[in-house]
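Every value quoted in this text rests on a predicted model; they were computed, and no experiment measured them.
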Amino acid sequence: MLVYPSSIDLSSRTPRYLAGRLAVRRGGIGTRWRRLTAGRQALLALAHPRCGDTYAQLAAGFGIGIATAYRYIREAVDVLAALAPTLAEAMRVARTKAFVILDGTLPPIDRIAADTPYYSGKRKRHGMNVQVLTDPFGRLLWVSPALPGSTHDLTAARTHGIVDALHDADLKCWAYKAYQGAGRSIRVPFRGRRLKRWQRRHNSTHAKIRCLGEQAMATLKGRRLLRKLRCGTNRITEIVQTILVLHHASA
């Protein structure tokens, strides 16, 4: 396999942050020697979700075995996922904001047609349902554990306790039409084709506010790994939480 130099469009703060966390873990488990330093392992783990390269490609580029590359990346993902904020912690931060934006995304997965629990009838593909909370400027606050893609966004929000958490915090939230019926805390646009003029104006204003949340979706989808996940469905939650932690670390 041929190897060539490449680059990753990330700030130097992100690999330093991850390298520090990995160094702490190595000290905690008493690691004496590894093929890669903590800094190189951090770079390896960051290249995987950002570029979407396979383990074989990354192993060749870093001069290690495929199994070693897999272990190093999985270790980094576990370290970062453990630092992801809980919903309660995100609510404490959200209370300092004027409002939050709630949206759902469906990272596609590599599944066959028989896997009906993972098939989204709305988006016509297999995937995992992930709920996302952002601040008024479109910055990620919290991501939910992944549910099968057939789960409706409102059902997912209730399952994760987002609706109750927003109500208890008395926090205003903007969301799109799928969350209609969630309660007064979650504001959605009017539905229907024959709307009155004031309802159309309301929907226009609502869309201008909610579109800021698309910046957070771009943050997630900017990782090529999330464009086609080929790992086990039980690992997707950790991967999404890893991206959240890295987003906070680079802010």
Side chains of Gln199 and Arg194, donor plus acceptor under 3.5 Å =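 No, no side-chain donor-acceptor pair sits under 3.5 Å.
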Donor + acceptor pair across side chains of Thr205, Arg201 (<3.5 Å) =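 Looking only at side-chain atoms, Arg201 and Thr205 do not form any donor-acceptor pair under 3.5 Å.
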Just so I know, are the side chains of [X] and [Y] near enough to count as touching, which here means a heavy-atom distance under 4.5 Å?
X	Y	answer
Arg74	Arg235	yes
Tyr176	Leu102	no
Leu141	Val100	yes
Glu89	Trp142	no
Leu22	Leu18	yes
Pro107	Leu229	yes

Would a line drawn from the ring center of [X] to the ring center of [Y] be shorter than 6.0 Å?
X	Y	value
Phe190	Trp198	yes
His48	Tyr55	yes
Tyr118	His126	no

Where do [X] and [Y] come nearest, in terms of heavy atoms and distance?
X	Y	result
Cys51	Ile8	SG-CG1, 4.3 Å
Ala81	Thr242	N-OG1, 3.9 Å
Tyr179	Gly104	OH-N, 3.4 Å
Pro85	Leu244	CD-CD2, 3.7 Å
Gly39	Ala19	CA-CB, 3.9 Å

Do [X] and [Y] sit in one hydrophobic cluster, given that two such residues count as connected whenever their side-chain heavy atoms are within less than 4.5 Å of each other, even indirectly?
X	Y	value
Val77	Phe62	yes
Ile186	Phe99	no
Leu171	Leu133	yes
Trp174	Leu154	no
Leu87	Val132	no

Measure the [atom1]-[atom2] distance between [X] and [Y] for me, rounded to the nearest 0.5 Å.
X	Y	atom1	atom2	result
Asp135	Leu212	CG	CG	9.0 Å
Lys177	Gln180	NZ	CD	9.0 Å
Leu44	Tyr72	CG	OH	9.0 Å
Leu225	Ile236	CG	CD1	9.0 Å
Ile101	Lys172	CD1	NZ	14.0 Å
Met128	Ser144	CE	OG	9.5 Å

Any salt bridge between Arg21 and Glu75, counting N to O under 4.0 Å?
->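 Here Arg21 does not pair with Glu75 in a salt bridge, since their nearest N and O are not under 4.0 Å apart.
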Run the salt-bridge test on Asp168 and Arg95 with the 4.0 Å N-O cut-off and return the result as yes or no.
->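 Salt bridge flag = no for Arg95 with Asp168.
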